[in-house]
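Everything below concerns the one structure shown next.
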Amino acid sequence: MVLFRKPNWGEKIIIKKFKIFLYVQENRSTILSQLALNKEEKSSILKQLEQYKECDPEVLEEAKKETGVAFEAANRWTDNVFSTKSWIKKKFNFEESVIDKQFAVPEDFDYLG
């Protein structure tokens, strides 16, 4: 009389999968609580990272590019003002001081360095 028989290949796979399933079910609550802790830690780290965003090399490089564009634009508008003053001076024969006073152009108005 045989009470125990050796499981075949398919039964071995089923038994192995069932053991894995039981292990996962036993540890599921532990894994879920660890996941929640990890999510909170990630959120905290992302908040800290956001504080230092302006020190990021990519952000600094972008700021340098934007500064260069703004610098060029300011000089271009300064050139436009000088061109307009020159045109007014030639067209209407005004003195430069009168033009500056009339259009509120400061005395130290000049191109950026």
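In the hydrophobic cluster analysis, where Ile, Leu, Val, Met, Phe, Trp and Tyr join through side-chain heavy atoms closer than 4.5 angstrom, Ile88 is grouped apart from Trp77. No continuous path of ILVMFWY side-chain contacts below 4.5 Å connects Phe21 to Ile13, so the two sit in separate hydrophobic clusters.
Contact detail for Leu112 and Ala74: the closest heavy-atom pair is CD1-CB, 3.5 Å. Pairing each heavy atom of Ile99 with each of Lys89, the nearest pair is CD1-N, 3.9 Å.
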Chi angles and distances behind the side chain to side chain contact (heavy atoms under 4.5 Å, CB included) call for Val81, Lys85: CA-CA 6 Å; Val81 169; Lys85 280 174 53 175; 4.1 Å; yes
Kindly determine whether Thr84 and Phe103 satisfy side chain to side chain contact (heavy atoms under 4.5 Å, CB included), including the steps that lead there. CA-CA 11 Å; Thr84 304; Phe103 291 101; over 6 Å; no
Determine whether Gln25 and Arg28 satisfy the following criterion, side chain to side chain contact (heavy atoms under 4.5 Å, CB included), listing intermediate values before the conclusion. CA-CA 5 Å; Gln25 289 299 341; Arg28 188 170 195 271; 3.9 Å; yes
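Taken to the nearest 0.5 Å, the CG atom of Asn38 stands 9.5 Å off from the OG atom of Ser33. Note that the OG atom of Ser43 and the CD atom of Gln48 stand 10.0 Å from one another [nearest 0.5 Å]. Distance CZ/Phe82 to CG/Asn75: 10.0 Å, rounded to 0.5 Å. The structure places NZ of Lys53 at 9.0 Å from CG of Leu49, a figure rounded to the nearest 0.5 Å. For the atom pair OG1 of Thr30 and CG of Leu35, the computed distance is 12.5 Å after rounding to the nearest 0.5 Å. Between atom CG of residue Leu46 and atom CD of residue Glu41 there is a gap of 10.5 Å, rounded to the nearest 0.5 Å.
The 12-atom threshold is exceeded at OH of Tyr111, counting heavy atoms of other residues, nucleotides or ligands nearer than 6.0 Å. Surrounding CD of Glu95 are at most 12 heavy atoms belonging to other residues, nucleotides or ligands under 6.0 Å away. Within a 6.0 Å radius of CD in Glu54, more than 12 heavy atoms belonging to other residues, nucleotides or ligands are found.
With sequence neighbours excluded, no residue satisfies side-chain contact (heavy atoms from CB on, under 4.5 Å) with Asn93. Partners of Tyr52 according to the side-chain hydrogen bond (donor to acceptor under 3.5 Å, both in side chains) rule, which considers only residues two or more places apart in sequence or in another chain, do not exist here.
The closest donor-acceptor contact from the side chain of Ser44 to the backbone of Glu40 lies at 3.5 Å or more, if one exists at all.
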